[in-house]
Amino acid sequence: MSKQSMRCLFACVIVGAFMFTSCQHPKEKTFDQKIKQIKNVVVIYMENHSFDNLYGQFPGANGLDSANKENVIQVNEKGEVYEYLPDIPRSSDFPTNMKNGYFNIDKYIPNNKKTPSPTHVYYHEIMQIDSGKMDKFAVYNSNKGFAMGYHKTKDLPLYPIAKKYTLCDNFFHSGFGGSFFNHVYFIAAAPPVWKDAPESIVAKLDSNGKLIEDGYITPDGYAVNTLYSMAPPYPEGADSSRLLPPQTMPTIGDRLSEKDVSWSWYAAGWDKAVQGEPSIYAYNHEPFTYFANYAPGTPGRKHLKDEKDYLKAAKEGSLPSVSFVKPGLGFDEHPGSAAVYGSEKHALKLINAVMNGPQGDSTLVILTYDENGGFWDHVAPPKIDRWGPGSRVPAIIIGPFAKKGFVDNTQYETVSILAFIEARWGLNPLTDRDKNANPLKNALAL
């Protein structure tokens, strides 16, 4: 064989080996590359229910049947076991001498009727959780034993959706306490700040950090209980001395805008509220109004829209890359003002609007709850920092990119949603909390 023939043969062998190796070992795509398939994200943010309160009977989930007795039985301030649950005040719907444990609310109030609203504020949730014992929800609660109630899972309008797609049973709301705090934390992964707040609204703690007198502000200047924004809209007659000054830390909206990623926060009743008209808008459920970048007259204000704009855009196929959707009073599932059944039927309307629209094939829908609403849950939350996480809440991952018929036991928290958005669009994290949160990896079929 000539030298030229030998060189040709050698070259063919090398090329063939390279092609064989390439075919046998294709380079695996990373998670950040795979999620590029998802073109749109819709986050529907409901109100005030723990996981056990709604999905405690979900097949295959860590629910009521999995609860240990020591995490169920409630005790008083001194740690003494109640013989019966403390009587539920201001309600003739429930019997006295109820068994110390969880009970089915639907036996007394059907899920298409409004129920009482348990206590859900910052320091109280910390005391309810009781260092993970989960045994003081009845004592630190204005509705006492009602905090131990649950709804029949299979009667929930969202139950078929949870069965069809992914239900997360280890998802915690990121901050202790109520809606105001958790909404701000959801978009900033950080607490709102008011360092020079009036002394009259600052909580008083003893030398051991135990609550003496509740307030809206921690002693070191963080706003943890419900305040309204200094920038309108705010409720008529709101005390001007208790309006939170504009916040300046970065938000997920800022990060999206920096990368020219389209986004909107859609709140029911927004248009009427801005015009000063009565509406179903909940003033402490619109977190961006608390931030200087979204005050009236700023470029950021264009991102704040009405829920009806979401429904129109979903039908037309013109939703932005990221949509946050906030139902209004009476439709957000908040106990005391909204019934479970009607609220979840409304949530289905929001889900179907996008899933049945032109963008359905490219969209991931995430439905979750801002906080537990003061309802008991048997799973002790992980300890990350002073702000939380709080108790477990339901989270359902929906659409063509969600695993089907799956219960996800992976530990997530509310800011896992931020971590997912950041991973999808290559955004810088806001704080260590979203930086270290799992971006819903195990819930996705990619």
Side-chain angles (χ1 to χ4, degrees), residues 45 47-48 50 117-131 136-137 140-142 147 172-231 234-235 238-239 241-251 282-291 334 369-375 381-393 413-415 418 430-434:
Y45 210 32
E47 288 280 314
N48 294 45
S50 71
S117 178
T119 299
H120 45 283
V121 289
Y122 179 77
Y123 289 110
H124 283 68
E125 186 177 4
I126 295 172
M127 295 187 292
Q128 290 164 352
I129 290 171
D130 192 20
S131 300
K136 290 185 177 177
F137 281 79
Y140 294 121
N141 214 304
S142 62
F172 301 85
H173 68 91
S174 283
F176 298 120
S179 295
F180 156 75
F181 186 77
N182 277 280
H183 279 69
V184 172
Y185 208 96
F186 174 37
I187 67 166
V193 181
W194 194 356
K195 294 298 184 182
D196 58 348
E199 187 178 348
S200 62
I201 64 172
V202 176
K204 296 178 176 56
L205 312 179
D206 66 16
S207 58
N208 296 315
K210 186 176 180 180
L211 183 66
I212 299 172
E213 182 180 339
D214 207 358
Y216 301 90
I217 312 293
T218 65
D220 55 344
Y222 294 97
V224 291
N225 289 329
T226 301
L227 294 167
Y228 298 116
S229 167
M230 186 175 287
Y234 46 74
D239 185 343
S241 68
R242 297 187 179 186
L243 298 178
L244 184 70
Q247 302 294 293
T248 56
M249 62 274 205
T251 68
Y283 296 91
N284 60 319
H285 295 173
E286 169 54 282
F288 286 102
T289 62
Y290 292 93
F291 287 80
H334 193 302
Y369 293 72
D370 63 340
E371 34 98 353
N372 70 319
F375 285 109
K383 296 178 181 179
I384 296 181
D385 60 28
R386 67 179 284 191
W387 308 117
S391 298
R392 277 194 314 169
V393 294
E413 58 166 311
T414 309
V415 296
L418 299 187
L430 295 163
T431 68
D432 283 345
R433 279 294 288 275
D434 55 320

*Check whether any side-chain N or O of Ser174 sits under 3.5 Å from a backbone N or O of Glu413 as a donor-acceptor pair, and report yes or no.*
no
*Minimum-distance pair of heavy atoms, taken over all atoms of Pro219 and Ala203*: CG-O, 3.6 Å
_Spatial distance of atom NE2 (His334) from atom NE2 (His285) [nearest 0.5 Å]_ = 5.5 Å
_Just verifying a value: how many Å separate Lys136 NZ and Ser131 OG, rounded to the nearest 0.5 Å?_
8.5 Å
*Side chains of Phe181 and Trp387 in contact at under 4.5 Å (non-hydrogen atoms)*: yes
*Step-by-step side-chain contact (heavy atoms from CB on, under 4.5 Å) determination, Asp370 to Asn48*: CA-CA 6 Å; Asp370 63 340; Asn48 294 45; 3.2 Å; yes
*Is any side-chain heavy atom of Met230 closer than 4.5 Å to a side-chain heavy atom of Pro246?*
yes
*How about Thr218 and Tyr123: do any of their side-chain heavy atoms sit closer than 4.5 Å?*
yes
*Which one of Asp239, Asn225, Ile217 satisfies the side-chain contact (heavy atoms from CB on, under 4.5 Å) criterion with Ile201?*
Ile217
*Tell me yes or no: between the side chains of Glu125 and His173, is some donor less than 3.5 Å from an acceptor?*
yes
*Given the rule in the side-chain contact (heavy atoms from CB on, under 4.5 Å) test, do Val193 and Lys195 qualify, once you have shown the distances and angles that lead to the verdict?*
CA-CA 6 Å; Val193 181; Lys195 294 298 184 182; 3.6 Å; yes
*So, for Phe172 and Gly390, which heavy atoms are closest and what is the spacing to 0.1 Å?*
CD2-O, 3.4 Å
*asked:* Would the distance check show the side chain of Gln247 and the main-chain N or O of Met249 forming a donor-acceptor pair, the cut-off being under 3.5 Å?
replied: no
*Verify the distance criterion only: is there a donor paired with an acceptor across the side chains of His183 and Asn284 at less than 3.5 Å?*
no
*What distance do Glu286 atom CD and Phe291 atom CZ have between them, rounded to the nearest 0.5 Å?*
11.0 Å
*Counting only heavy atoms not in Tyr234, do more than 12 sit closer than 6.0 Å to its OH atom?*
no
*Just jot down the side-chain contact (heavy atoms from CB on, under 4.5 Å) partners of Leu430, sequence neighbours excluded, or say none.*
Ala189, Pro250, Ile252, Arg255, Leu418, Glu422, Asp434
*For the residue pair Ile129 and Pro381, what are the closest heavy atoms and their distance?*
CD1-CG, 3.8 Å
*Quick one: are Asn141 and Pro118 in side-chain contact, heavy atoms under 4.5 Å?*
yes
*Is the backbone of Thr289 close enough, under 3.5 Å, to the side chain of Ser229 for a donor and an acceptor to pair up by distance?*
yes
*Any side-chain heavy atom of Phe137 sitting closer than 4.5 Å to one from Ser391?*
yes
*Reported OG1-to-OH distance for the pair Thr226 and Tyr216, which is rounded to 0.5 angstrom*: 8.0 Å
*Would Tyr222 and Arg386 count as a side-chain contact (heavy atoms from CB on, under 4.5 Å) if you check the C-alpha gap in whole Å, the side-chain angles of each, and the deciding distance to 0.1 Å?*
CA-CA 12 Å; Tyr222 294 97; Arg386 67 179 284 191; 4.0 Å; yes
*asked:* Can you confirm whether more than 12 heavy atoms, excluding those of Phe186, are under 6.0 Å from its CZ atom?
replied: yes
Please report, to 0.1 Å, the donor-acceptor pairs under 3.5 Å made by any side chain of residues 205-212, with sequence neighbours excluded.
unit_1	atom_1	unit_2	atom_2	d
Asp206	OD1	Asn208	N	2.8
Asp206	OD1	Gly209	N	3.0
Asp206	OD1	Lys210	N	2.8

*Measure across Gly374 and Ala147 and return the closest heavy-atom pair with its distance rounded to 0.1 Å.*
O-CB, 3.5 Å
*Using side-chain hydrogen bond (donor to acceptor under 3.5 Å, both in side chains) as the criterion, list what pairs up with Asp196, not counting sequence neighbours.*
Trp194
*side-chain hydrogen bond (donor to acceptor under 3.5 Å, both in side chains) with Ser200: which residues, sequence neighbours excluded?*
none
*Do the non-hydrogen side-chain atoms of Asp214 and His124 ever get within less than 4.5 Å of each other?*
yes
*asked:* Is there a side-chain contact between Pro192 and Phe180 in this structure, where contact means two heavy atoms from C-beta onward sitting under 4.5 Å apart?
replied: yes
*Would you please name every residue forming a side-chain hydrogen bond (donor to acceptor under 3.5 Å, both in side chains) with Thr119, sequence neighbours left out?*
Ser142
*Return the set of residues passing side-chain hydrogen bond (donor to acceptor under 3.5 Å, both in side chains) with Asp385 (not counting sequence neighbours), or none when no residue passes.*
Arg433
*asked:* Just verifying a value: how many Å separate Leu244 CG and Tyr290 OH, rounded to the nearest 0.5 Å?
replied: 7.0 Å
*Glu47 and Ser179: side-chain contact (heavy atoms from CB on, under 4.5 Å), yes or no, with the steps?*
CA-CA 8 Å; Glu47 288 280 314; Ser179 295; 2.7 Å; yes
*asked:* Would you say that Leu243 contacts Leu227 through its side chain, given a criterion of any heavy-atom pair below 4.5 Å between the two side chains?
replied: no
